[in-house]
Amino acid sequence: MIDLKLAQKQSDILARALADRHSDIDVEEFFALDKRRRALLAEVEEMKSRRNAASGQVAALKREGGDIAPMQAELGVLSERIKTLDAETERAKSDVEAWLMRVPNIPDDTAPKGRDETENVEARRWGELRNFDFLPAEHGDIGTRLGGLDFERASRLSGSRFVCFRGWAARLERALVNFFLDQHAANGYVEINPPFIVNRAAMTGTGQLPKFEDDLFALRGRDQFLIPTAEVPLTNLYAGEVLEEESLPYACCAATPCFRAEAGAAGKDTRGIIRMHQFTKVEMVRFAHPDDSFNQLEIMCGHACRLLELLELPHRVISLCTGDMGFSSAKTYDVEVWLPAQKIYREISSCSNCTDFQARRANIRFKPRGGKAVFLHTLNGSGLPTGRAIAAILENGQQKDGGVRLPKVLIPYMNGLEFIEARQQP
RNA sequence: GGAGAGGUAGCGAAGCGGCCGUAACGCGCCCGACUCGAAAUCGGGUUACCGGUUAGUCCCGGUACGUGGGUUCGAAUCCCACCCUCUCCGCCA
C-alpha cells in the first residue's frame, strides 16, 4: 500500500507513477473519496465531542440525585445520529482504503520507463552459449527419456501441470535445495522453515490479496491459502513488529513448495516443467533500512546470479520496465537462464525491492536511534526455483548420446554422480 | 475434538457500568539530584493513530483494553460470535 499522505500531498508523484505503469487508476477519484471521508469525520467527531461532555454531566447529575430522564432522551437521539453517521464515515474510510489497496507501488526513478516486456532493459550477461553439434532436446523430453520426470502418472494423480520427480531427478532437486541453502547460509541468510499455509492477513500483507485471489489455492471452508512463494510467510513473519535498527539489514531464506493456480495461463508453457501448479523454490527475503534498500537489491540479485555461475548456466539480468513490474515492486531485476532447445532466455529469478509498500500493509517497522518507529523496506528474490534450474541443467548439459553432464558444484551433493547416463535406470 | 483459564502501555499486572486510559502498582527506558565516576537511593518524565490547526514534535477534538457485533444516555467492565495463548483430557507423526 502506498502512503496516504503521499496521495494527499504529493499527488503529482503518484499520478506520474500510475502513468509510468500504464495503470488506468484515476487519482481524481481519490481526492473525491478522501475529501468526503474527512468531511464526515469532522462532523461525527464534533457530535461525539458533545456526547462525551454531556455524558459526564449525566454522571454528575446522577451522583447528586437529580433527574436524568430528560437528558437521557435528548442524548438518545444524538447517539442514534452518531451511530448512523459513524457507519457512513466507516464506509467512506474503507472506500479510501480500498482505493489505496488497488494502487501499485511507486516505481523507482532508476526503473526503465516502458509499456510492456518489450521495453525491458538488459543490464548484463554471463556465460558462453554452448555450440551444439546436434539438435538439443527439450528438458521435458530429456527428463522423461531418462526416467526422471513422470508427467503421465503425475497428471493421473493430480491433473495437468503436475510432475513427479523420480530417482536421479528427485535426488537432483534435493541436491539443488541443499546447495542453494548452503550458499545462502554462507552469505548470511537465516534459514527458515515456515508454514506452507497462511491466512488472509498474510496474503494481504505481501500484496497477493485482495487483487490476485484467483491465482491462489484456497483451503475449502477456511480462510487460509497455500503459499504461492515463501516470500509470503517470510515477509509476514515479523508483521506488526518493531525491529531494532541494529538488526538491519536482516536476511533470511527458505526452501518451500509453491502453489499457483496459474489462472489465465491456459495453453502457456504446457511442455516441460516451466509452469507447474506446484514447484519447489528457495526464496531470499531481506529487510533493509530505507536508505540502503536499493543497494541491498543489487547484493541480493548478485546472490541469485552467483548460483547460476556456480551451476555453469549462461544467463542475463533484465531490469523490468515500469509497465512490466509486479504490483508490490519499486524496482525489479529478472534473471533469465539460457535454454538452448528453445533458444531463449527464460526467467529463473525475480528480485524486487518493494520499498515500504509491503511493510506498510504488514506493519513492519524499525526504530531508528532515539526516533519514532518507521516502516522498513522489504526485498525478495528467488534463489532459485529447483524446477527451472533442473530444466536448464538438463538442456545445457545434455550430451550427444542422450546423457546429461551435471555441474561440478553439484557432484558432492549427488553422492559423486557426474553424469546421468543415457541408458541409466533411475 | 472436549473442559477450564486468559488476551489491558516495551514487559508483568490492577481495574469488572460514569469519579480509571495522558491506564494504579512493579520492572524497563529517558532526564535530573547525590557521586571523582558508577551502583544504590531520591525526584521528574515515558502509548499509538486519525482529523482540525500551526513556523512547530505546541494546542483543540476524536479513536483504540485480542477482533467484530449487540445492550445502554454512557462499556475495558454486561451479552453474542470469532481469533489467539496457556493448562488438563482425547487423538496423532
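Letters A, B, ... are given to chains in the order of the sequence lines, protein chains preceding strands, and every chain is numbered from 1. What you see is a predicted model; the values in this text were computed from it and never measured.
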Using Watson-Crick and G-U wobble pairs whose two distances are both under 3.5 Å, how do you write the pairing of RNA chain B as dot-bracket, with | for links to another strand?
((((((((.[[[..)..(......]]]((((((.......))))))((((((......)))))).[[[[[..)....]]]]])))))))....

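- Between the side chains of Gln8(A) and Asp34(A), a donor-acceptor pair is found at a separation under 3.5 Å.
- In this structure, CE of Met71(A) is placed 18 Å from P of G18(B), rounded to the nearest angstrom.
- Using atom P as the reference point in both C58(B) and G6(B), the two lie 40 Å apart (nearest Å).
- Between Thr110(A) and Asp108(A), the side chains place a donor N or O and an acceptor N or O closer than 3.5 Å (distance only, hydrogens not considered).
- Between Phe375(A) and Phe366(A), a ring centre-to-centre spacing not shorter than 6.0 Å is recorded.
- In this entry the distance linking CG of Asn363(A) with C1' of C49(B) reads 11 Å, nearest Å.
- Between Glu262(A) and Arg260(A) no salt bridge is recorded (no basic side-chain N to carboxylate O distance below 4.0 Å).
- Atom CD in Glu80(A) sits about 13 Å away from atom C1' in G70(B), given to the nearest Å.
- Using modelled atom types and a 3.5 Å distance limit, the side chains of Thr386(A) and Glu173(A) yield a donor-acceptor pair.
- Comparing the same atom, C1', in G32(B) and in A24(B) gives a spacing of 25 Å after rounding to whole Å.
- Here, G66(B) and A9(B) have their C1' atoms 15 Å apart, quoted to the whole Å.
- Relative ring orientation between Tyr250(A) and Phe287(A) is described as tilted, the plane-to-plane angle lying within the 30° to 60° band.
- Across C20(B) and C25(B), the matching P atoms stand 13 Å from one another, rounded to whole Å.
- The existence of a salt bridge linking Glu88(A) and Arg36(A) is confirmed by a sub-4.0 Å separation between a basic side-chain nitrogen and an acidic carboxylate oxygen.
- The nearest whole Å value for the distance from the CZ atom in Arg360(A) to the P atom in C49(B) is 13 Å.
- Distance CZ (Phe375(A)) to P (A48(B)): 14 Å, rounded to an integer number of Å.
- For G10(B) and C34(B), the C1' atoms lie 29 Å apart once the distance is rounded to whole Å.
- Side-chain atoms of Ser329(A) never come within 3.5 Å of backbone atoms of Gly326(A) as a donor-acceptor pair (strictly under, hydrogens ignored).
- At a threshold of 4.0 angstrom between heavy atoms, the contacts of Lys62(A) include nucleobase atoms, whether or not backbone atoms are also involved.
- As a whole-Å value, the separation of Gln57(A) CD from C19(B) C1' is 15 Å.
- Here the separation of C79(B) from C16(B), taken at their P atoms, is 15 Å to the nearest Å.
- Going from atom CG of Asp86(A) over to atom P of G74(B) covers 12 Å, rounded to whole Å.
- With rounding to whole Å, Glu97(A) atom CD is found 12 Å from C50(B) atom P.
- Residues Arg222(A) and Ser79(A) both approach RNA chain B. Their nearest nucleotides, taken by heavy-atom distance, put Arg222(A) toward the 5′ side.
- Checked by atom type and distance alone, the side chain of Arg360(A) never pairs as donor or acceptor with a backbone atom of Gly205(A) at under 3.5 Å.
- Taking the P atom of each, C82(B) and C19(B) are spaced 32 Å apart, rounded to whole Å.
- Nucleotides A75(B) and C65(B) place their C1' atoms 11 Å apart, quoted to the nearest Å.
- The main-chain N or O of Glu231(A) is found under 3.5 Å from a side-chain atom of Thr229(A) such that the two form a donor-acceptor pair.
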Once base and sugar-phosphate atoms are separated, protein heavy atoms under 4.0 Å mark nucleotides 51-67 of chain B, 5' to 3', with B, S and - as SS--------BSS----

